[in-house]
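What follows is a short report on a single structure.
The first residue in the sequence is number 1, and the count goes up from there. We use all heavy atoms of the structure for the numbers below, so side chains are in, but hydrogens, waters and symmetry mates are not. All figures in this text were calculated on a predicted structure; none of them were measured in a lab.
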Amino acid sequence: MDSLVINEDKELIAYISDGDIMRYIGKHKDIVVDSLYMVNVVEGNHEDFSERVQRVLDLPVLNIAKKRVIKVPWDKEVEEVATLLGKRKIKKVPVEKDGKLVGVISRGDVIRHTFKRFL
């Protein structure tokens with residue numbers, strides 16, 4: 001359910017992944033940080049699941065989306081895209097040409113393109 005957020009000029013401004021949403025709706029426990037001089041408690045959430053889901057639905061998308069987006073230029077070599085996807089452990093990456101979004105390339109796209117000439 002990964003989604004790109006673009007402006008009216010087709011410029012990519014943010015990216016929201018299913019992982020971003022999972023972090024918002026998942027349960028967060030209290031964290032106790034104990035140091036030599038003091039104890040800090042970072043309070044988790046105490047809402048039930050449906051309340052957390054509703055809270056996410058009420059948020060503007062830019063409150064959840066990542067503003068620093070990993071992207072590739074349209075003429076990037078497939079080997080370099082494969083390296084990026086593997087090292088960053090991401091499923092897909094937006095493709096830009098002249099600062100405008102022109103597509104998205106996924107792990108599956110890379111695999112199909114790479115192996116089609118061998119099969």
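Cluster membership check: Phe115 does not share its hydrophobic cluster with Leu85, using side-chain heavy-atom separations under 4.5 Å among Ile, Leu, Val, Met, Phe, Trp and Tyr. The cluster map of Ile, Leu, Val, Met, Phe, Trp and Tyr, joined by side-chain heavy atoms under 4.5 Å apart, puts Ile105 and Ile111 in different clusters. No continuous path of ILVMFWY side-chain contacts below 4.5 Å connects Leu62 to Ile6, so the two sit in separate hydrophobic clusters. No continuous path of ILVMFWY side-chain contacts below 4.5 Å connects Leu59 to Leu4, so the two sit in separate hydrophobic clusters.
Checking side-chain atoms of Asp58 against main-chain N and O of Arg55 turns up no donor-acceptor pair under 3.5 Å. Under the 3.5 Å distance criterion, the side-chain polar atoms of Arg107 are matched with a main-chain donor or acceptor of Ile90.
Between Pro94 and Val69 the shortest side-chain heavy-atom distance falls below 4.5 Å. Looking only at side-chain heavy atoms (C-beta outward), Leu101 and Val95 stay at 4.5 Å or farther from each other.
Residues satisfying the salt bridge (Lys or Arg N to Asp or Glu O under 4.0 Å) criterion with Arg112, sequence neighbours excluded, are Asp109. Every residue two or more places apart in sequence or in another chain that forms a side-chain contact (heavy atoms from CB on, under 4.5 Å) with Leu84 is listed here: Ile70, Val72, Arg88, Val93. Partners of Lys91 under the salt bridge (Lys or Arg N to Asp or Glu O under 4.0 Å) rule, at least two apart in sequence or in another chain, are Asp18. In this structure Lys76 satisfies the salt bridge (Lys or Arg N to Asp or Glu O under 4.0 Å) test together with Glu80, sequence neighbours excluded. Partners of Asn63 according to the side chain to side chain donor-acceptor pair (under 3.5 Å) rule, which considers only residues two or more places apart in sequence or in another chain, do not exist here. For the side chain to side chain donor-acceptor pair (under 3.5 Å) test, no residue two or more places apart in sequence or in another chain qualifies with Lys71.
Atom NZ of Lys87 has 12 or fewer neighbouring heavy atoms from other residues, nucleotides or ligands inside a 6.0 Å radius.
Here Val78 is tied to no hydrophobic group at all, with no ILVMFWY side chain closer than 4.5 Å.
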Indicate every side-chain donor-acceptor pair of residues 9-16 with a distance under 3.5 Å to a residue at least two apart or in another chain.
residue: Glu11; atom: OE1; partner: Asn7; partner atom: ND2; Å: 2.9
residue: Tyr15; atom: OH; partner: Asp2; partner atom: OD2; Å: 2.9

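Here Ser3 contributes atom OG and Ile21 contributes atom CD1; the two are 7.0 Å apart, rounded to the nearest 0.5 Å.
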> Is there a side chain to side chain contact (heavy atoms under 4.5 Å, CB included) between Lys66 and Ser17 once you walk through the steps?
Replying inline: CA-CA 9 Å; Lys66 293 180 179 94; Ser17 70; 4.0 Å; yes
